[in-house]
Protein chains: 2
Amino acid sequence: MSRRSGILEFAVLGLLRESPMHGYELRKRLNTSLGVFRAFSYGSLYPCLKTLVANGWLIEEPGNALEDARAASLAGRRAKIVYRLTAEGKEHFEELLAHTGPDAWEDEHFAARFAFFGQTSRDVRMRVLEGRRSRLEERLEKMRASLARTRERLDDYTLELQRHGMESVEREVRWLNELIESERSGRDLRRDATSQDTSGDTGGMSRDRGSSRTDPSDPTAK
Amino acid sequence: MSRRSGILEFAVLGLLRESPMHGYELRKRLNTSLGVFRAFSYGSLYPCLKTLVANGWLIEEPGNALEDARAASLAGRRAKIVYRLTAEGKEHFEELLAHTGPDAWEDEHFAARFAFFGQTSRDVRMRVLEGRRSRLEERLEKMRASLARTRERLDDYTLELQRHGMESVEREVRWLNELIESERSGRDLRRDATSQDTSGDTGGMSRDRGSSRTDPSDPTAK
DNA sequence: ACACCCATGTAAGGTGTTACATGATTAG
DNA sequence: CTAATCATGTAACACCTTACATGGGTGT
């Protein structure tokens, strides 16, 4: 049903898994917390929500039947339609999380996957990180080859663009290496005062807390 | 006349301006020399070429009437339809190059613009570089604000993703600063003898967009 | 003979945006 | 009261991909 393979669907399910929300806020979250890498418009969000409802993965709830104090205090601002993940929706999202296809390491897909690593089991995290890394290494190979072939035919700007692109990829590989190392050692290396080279980024995180959290009844954030 | 605003059209015109080519090779160039940041498939290239021909910006030429030695030696392999830029096409491309709209500093647009800086006048180059920079600085502002607002609500992975994203943007800003400095001082960007520290130096650009899969639309897909 | 790169195309579909239309609520 | 922001939607279309269809050339 609905080959919405997309990132949007995934991100929506993931955000709603954390807590129910209405469309407007969902969109803001997509574009700030999550949306460092991508912005979505209402024109895609609302139709997507409808599809998800039609699939039984979400249910619409009235934001509130009457504008009483409780609703105001909980939501800050009154909501019109609040979307909540159903049991099927949760299950579906779990499947998406576990699914490690070669799609998962493409640029935008990867970022979306990473954003929900907090709800992903460690072995899947490792597969995704390593998949991403080898994807990037392939890319580097091609870039290097192509650069070697065409070096002198290119003008300075094109060359600079390529160089810069390659460096960006190399940098991401280093980042992934650190993340993978972190995961492997289960360490929480908290970048406090380690290396201070050009790249500056000492990745690292985790804190591990038992793979996947299982608490749906999280009282609405904020 | 075809609101093909796109990057594809721009890149095709730019590449053909340098020398005539047939579609197949054009596509390879888009995906290697130029295509560090983006891959196009035949499914978009050929229709685009037709549109450009219809607009009078390109003409189709027979690759060669007879398979003589000259054609083989020049192109390596025999071409079927060679596209060549017309005078109108050249003029149109010139206009596109000169046009400094706010589109020009969006991720993919910017990369395409940059790739043809060799054919762009210095003042336009400056405007594009500075436009891009302020675009990124806006972005940084938003990211910082959003981060400050939501810091403690986010799990480690989301935080790490944001941090990494911000660093990438900061890097690109530094890169732009150097480029702008270069332009301002009339220097060529030839970085050969300049900064040569640990990680190379400047860097960090469009990492979050533009996928470039290895080889989509491979006609011989098993 | 077979496989595999070169080379050109088309039809259908996916995935998202822009621009528009509408109205409720809150702050000055 | 008015403007801004919150909130929900829809229709049209931009732009690109996938999968298919077709055939020539070249090496083993």
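The figures that follow rest on heavy atoms only: side chains count, while hydrogens, waters and symmetry mates do not. Chain naming here is simple, since letters A, B, ... match the order of the sequence lines and numbering starts at 1 in each.
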Length of the CG-P vector between A:Asn31 and D:dA7, whole Å:
15 Å
With sequence neighbours excluded, what pairs up with B:Glu130 under the salt bridge (Lys or Arg N to Asp or Glu O under 4.0 Å) test?
B:Arg184
Rounded to whole angstroms, how far apart are CZ on A:Arg27 and C1' on D:dA7?
12 Å
A:Tyr46 OH to D:dC6 P, in whole Å, measures 12 Å
Please state how far atom CZ in B:Phe10 lies from atom P in D:dC15, giving the value in whole angstrom units.
15 Å
Between D:dC15 (C1') and B:Glu106 (CD): distance, integer Å:
16 Å
Which residues share a side-chain hydrogen bond (donor to acceptor under 3.5 Å, both in side chains) with A:Thr158, sequence neighbours left out
A:Asp155
Which residues pass the salt bridge (Lys or Arg N to Asp or Glu O under 4.0 Å) test with B:Arg17, sequence neighbours left out?
B:Glu94
Rounded to whole Å, OH of B:Tyr24 lies from C1' of D:dG23 at a distance of 14 Å
With sequence neighbours excluded, what pairs up with A:Arg144 under the salt bridge (Lys or Arg N to Asp or Glu O under 4.0 Å) test?
A:Glu141, A:Glu170
Please give, in whole Å, the distance from D:dT8 P to A:Glu61 CD?
14 Å
Look for any protein N or O under 3.5 Å of an N or O in nucleotides 17-20 of chain C and output each such pair with its distance, or none.
unit_1	atom_1	unit_2	atom_2	d
C:dT17	OP1	A:Ala39	O	2.8
C:dT17	OP2	A:Ser41	N	3.2
C:dT17	OP2	A:Ser41	OG	2.8
C:dT17	OP2	A:Ser44	OG	2.6

Parallel, tilted or perpendicular: which fits the ring planes of B:His22 and B:Tyr24, with parallel below 30° and perpendicular above 60°?
parallel
Which residues pass the ring-ring contact (aromatic ring centres under 6.0 Å, His included) test with B:Tyr46, sequence neighbours left out?
B:Tyr42
Spacing of B:Glu9 atom CD relative to D:dC16 atom P, expressed in whole Å:
10 Å
Report yes if at least one side-chain N or O of B:Lys50 is closer than 4.0 Å to OP1 or OP2 of C:dT10; otherwise report no.
yes
